[in-house]
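Computed from a predicted structure; not experimentally measured. For the numbers below, each heavy atom of this structure counts, side chains included, while hydrogens, waters and symmetry mates do not.
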Amino acid sequence: MFGNIGWGEFMVLLVAALVILGPERLPGAVSWVTKSLRQVREYASGASQQLKDELGPEFEDLRKPLSDLNQLRGMTPRAVITKHLLDGDDSILTGNFDKPSPVSFDKSGTKAVSADPSTPAPPQNKPLANGERPPIDLDAT
């Protein structure tokens with residue numbers, strides 16, 4: 001219930017309650033608040049139990065759409081892409097690949113340098129001479 005309140009805010013509330021109520025009425029106020037919270041919890045659990053008893057197995061049919069809605073509420077764009085397009089494999093988004101890429105690029109991003117000595121580096125981008133034909137990439141065609 002107090003998940004969003006940090007220690008600093010809690011101490012400020014405690015000091016404010018001490019100043020407003022005074023040291024003689026503070027213990028009674030704390031006990032009244034705890035009794036009230038306990039009673040509200042009992043009412044809520046009693047109401048849900050009564051609803052379960054009256055609806056029986058149909059109660060689970062009502063809970064299914066609500067759980068689906070809660071699941072959709074927690075979806076972020078990244079989670080949707082990972083789940084539906086990548087079948088749960090987020091290694092493309094996080095950059096955690098099983099095998100490192102054999103080609104790396106320098107700081108400017110243009111010059112390719114082979115990261116693995118056994119893999120030849122791709123040809124450098126240089127202007128073609130007159131009458132020279134550009135190389136054909138059979139994988140791309």
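- Note that the NZ atom of Lys52 and the OG atom of Ser45 stand 9.5 Å from one another [nearest 0.5 Å].
- Looking at residues two or more places apart in sequence or on another chain, you find no salt bridge (charged side-chain N to carboxylate O under 4.0 Å, His left out) involving Asp53.
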Show every donor-acceptor pair shorter than 3.5 Å between a side-chain atom in residues 128-136 and any protein atom, with sequence neighbours excluded, or say none if there are none.
| from | atom 1 | to | atom 2 | distance (Å) |
| --- | --- | --- | --- | --- |
| Glu132 | OE1 | Ala129 | N | 3.0 |

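- Here Val15 is tied into one hydrophobic group with Val19, each link being a pair of ILVMFWY side chains closer than 4.5 Å.
- Residues passing the side chain to side chain donor-acceptor pair (under 3.5 Å) test with Glu54, sequence neighbours excluded: Gln50.
- A search for side chain to side chain donor-acceptor pair (under 3.5 Å) contacts involving Lys35 returns nothing, not counting sequence neighbours.
- When all heavy atoms of Pro27 and Pro23 are compared, the pair lying nearest together is CD-O, 3.4 Å.
- Closest non-hydrogen pair, Ser31 versus Gly28, comes out as OG-O, 2.9 Å.
- Take Leu26 and apply the side-chain contact (heavy atoms from CB on, under 4.5 Å) test, not counting sequence neighbours, and it matches Ala17, Leu18, Leu21, Val30.
- Of the inter-residue distances, the one linking Arg25 atom CZ with Ile20 atom CD1 reads 10.5 Å to the nearest 0.5 angstrom.
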